Number of protein chains: 2
Amino acid sequence: MRLYPDLGLKVFQAPSIGVALEALKEGFRKGELTIIIGRLSVDYHGRARSKLGFGERVVILKPDGALLVHRPHGHSPVNWQPPGSIFDFKRLGEKIVINAGRSNPLEKVTLTFDRIDLLVSSRLRDDAEFSLYVDEHDIRDALVSEPELFEEGFHVVTKEKRVPSGFVDLIGVDREGRFTVIEIKKGLAGRDSVIQLKRYIDGLKGEGGAAVRGVILASGLARGCQGLLDSLGLEFKRVDPRRCYEALMKRRGGGLQLELSRWFISS
Amino acid sequence: MRLYPDLGLKVFQAPSIGVALEALKEGFRKGELTIIIGRLSVDYHGRARSKLGFGERVVILKPDGALLVHRPHGHSPVNWQPPGSIFDFKRLGEKIVINAGRSNPLEKVTLTFDRIDLLVSSRLRDDAEFSLYVDEHDIRDALVSEPELFEEGFHVVTKEKRVPSGFVDLIGVDREGRFTVIEIKKGLAGRDSVIQLKRYIDGLKGEGGAAVRGVILASGLARGCQGLLDSLGLEFKRVDPRRCYEALMKRRGGGLQLELSRWFISS
DNA sequence: CGTGCCAGGTGCCTT
DNA sequence: AAGGCACTTGGCACG
């Protein structure tokens with residue numbers, strides 16, 4: 001652990017309005033990320049409108065134009081602006097006002113600070129690659145590389161096939177030679193997934209003519225959907241994420257142990 | 001603007017491992033929000049798995065058990081844990097490890113710091129109420145208070161009516177006495193909205209017996225949906241958000257000027 | 001507490 | 001730029 005403070009990190013405790021404004025402008029000009037802890041109110045005008053009175057919060061301004069306002073509770077920011085926003089910093093009487101807006105869609109967030117307790121500004125270097133495994137995409141890839149994960153004698157014909165009504169995850173031929181359309185869901189498949197699959201099959205029937213088999217492939221089927229599924233002549237099949245993961249790892253190499261439960265036992 | 005630093009705010013620049021650990025534990029025990037700027041790697045195991053190598057990021061630990069890891073770019077956190085998570089802080093050689101996990105669903109985020117540049121901890125007071133206007137909910141309310149916004153001679157019967165297949169936004173009777181089901185969308189109504197409305201109507205037909213009129217009420221209709229709408233015997237009607245807003249304001253009192261464009265012109 | 005559905009959804013990818 | 005769709009979706013309201 002390094003003992004010396006990063007020279008690129010600037011910290012201002014309870015800065016004056018002038019100092020804060022200068023730090024904000026300079027930080028953004030230099031491509032730094034800025035964090036503010038203070039008391040502020042928030043107004044948002046755009047796709048909707050929102051109002052939030054004064055309170056103590058954390059504000060993050062990112063160099064790419066993203067803005068986040070976090071309250072002391074909750075997972076998601078109470079207000080925000082996506083990357084690409086234009087920032088504007090100014091003084092208004094004894095308050096500091098930050099505007100963050102963009103033109104498409106036309107929207108603006110206004111922060112009004114009547115107190116800034118802390119302002120931190122720093123250039124952050126982060127080039128690491130983020131990788132997420134076993135999402136729907138990966139289940140599909142696992143099936144492509146090991147079709148027997150779906151069914152003995154199954155062959156994949158196409159993946160991500162565009163049809164008039166959307167995108168079919170996977171199309172193949174089963175051991176009896178039937179065209180099979182597979183709709184993949186990572187978690188529970190709901191009524192919407194069933195309807196989606198039905199649409200795809202109807203579209204394909206219009207194209208081809210022969211009967212088409214439709215299968216929902218997911219970790220489970222939401223309660224109440226079995227009836228709908230039956231009445232539409234569709235099937236549900238459970239996917240085993242662990243075996244998909246192993247199939248992917250076989251292809252990609254690398255391993256990841258499941259020591260989750262152990263940690264939860266130890267606390 | 002207050003000139004004195006908040007006594008509740010603790011700031012540690014490049015703290016030693018011992019100091020950082022102590023600050024983390026004490027901060028959480030006291031119900032404070034903690035922000036860390038440093039170099040760390042992140043691993044997530046749970047509903048999916050993810051891996052992120054070392055890089056400089058911002059971490060927020062909230063007193064309600066929410067955890068956020070923000071990279072210097074992008075609107076959304078690269079990793080997180082929702083409120084209610086259990087935190088665990090420990091030393092591992094020359095590194096600091098923070099675990100944040102929960103049991104339902106079983107998932108865990110592990111942060112491994114090889115450097116902490118800044119650690120801030122503070123109790124934040126924020127009791128303000130957040131209010132958001134003119135979403136779908138508000139359009140519905142506007143129609144309830146001024147049904148003629150929809151159509152001359154229209155009367156509302158129920159709002160948010162539960163039907164077997166979901167929730168109908170609005171049910172009423174038009175000037176010709178026909179039962180009318182209205183599906184509201186704030187923005188563009190897509191194919192899904194049309195299908196949803198169809199489901200509702202089918203459900204009601206099963207109940208009642210008389211013909212039911214179905215109307216999509218939105219700011220616009222997605223391209224390619226008009227045909228589907230026609231073939232199902234449904235209608236589309238444009239909603240005027242401005243008039244809805246005015247109707248709401250008339251009821252609620254208070255006003256909000258549209259000075260968005262002015263700000264965008266001035267920059 | 002699960003279940004369904006909206007969201008200022010966001011992000012990613014393709015035409 | 002627009003459309004389609006998944007998401008560690010999150011969030012809320014209701015059974």
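Letters go in sequence order (proteins before strands), and every chain restarts at 1. As the structure is a computational prediction, the values presented were derived from the model and not from experiment.
Rounded to an integer number of Å, the gap from A:I182 CD1 to D:dC5 P is 17 Å. As rounded to whole Å, 12 Å separates atom P of D:dT9 from atom NZ of A:K185. The NZ atom of A:K186 sits 7 Å away from the C1' atom of D:dT8 (whole-angstrom rounding). Regarding B:I184, its CD1 atom lies at a distance of 14 Å from the C1' atom of C:dC5, rounded to whole Å. Residue B:L106 contributes atom CG, which lies 13 Å from atom C1' of D:dT8 at whole-angstrom precision. Note: CD (A:E107) to P (C:dA7) measures 15 Å, nearest angstrom. Rounded to whole angstrom, the span from the CZ atom of B:R47 across to the P atom of D:dT8 amounts to 8 Å. Separating the NZ atom of A:K62 from the P atom of C:dT10 is a distance of 14 Å, rounded to the nearest angstrom.
Between A:Q196 and D:dG4 there is no side-chain N or O to OP1 or OP2 distance below 4.0 Å.
Taking A:R213 as the reference, A:E151, A:D174, A:E235 meet the side chain to side chain donor-acceptor pair (under 3.5 Å) condition, with sequence neighbours excluded. Every residue meeting the ring pair (Phe, Tyr, Trp, His ring centres under 6.0 Å) condition with A:F28, not counting sequence neighbours, appears here in chain and number order: A:F87. Contacts of A:R140 classified as side chain to side chain donor-acceptor pair (under 3.5 Å), with partners at least two apart in sequence or in another chain: A:H137. In this structure, the side chain to side chain donor-acceptor pair (under 3.5 Å) partners of A:T34, at least two apart in sequence or on a different chain, are A:S121. Not a single ring pair (Phe, Tyr, Trp, His ring centres under 6.0 Å) links B:F179 to another residue, sequence neighbours left out.
Here the nucleotide nearest the side chain of A:V109, chosen from D:dC5, D:dC7, C:dG8, is C:dG8. Checking C:dG8, C:dC6, D:dA6 against the side-chain heavy atoms of B:E183 singles out C:dC6 as nearest. Of the candidate nucleotides C:dG8, D:dT8, D:dC5, D:dT8 has the atom nearest to the side chain of B:Y44. Checking D:dT8, D:dA6, C:dG2 against the side-chain heavy atoms of B:A48 singles out D:dT8 as nearest.
Checking B:F130 against A:H137, the closest nucleotide of DNA chain C that is more toward the 5' end is the one next to B:F130.
Comparing the C1' positions of D:dG10 and D:dA6 gives a spacing of 14 Å, expressed to the nearest Å. Rounded to a whole angstrom, the distance from the P atom of C:dG8 to that of D:dC5 is 22 Å.
Within the 4.5 Å cutoff, side-chain heavy atoms of A:L61 are placed close to those of A:L67.
A heavy atom closer than 4.0 Å to some atom of DNA chain D occurs in A:H75, A:S76, these being the qualifying members of residues 71-85 of chain A.
Of the listed residues (B:H45, B:R49, B:R47), just one forms a side chain to side chain donor-acceptor pair (under 3.5 Å) with B:E107, and that residue is B:R47.
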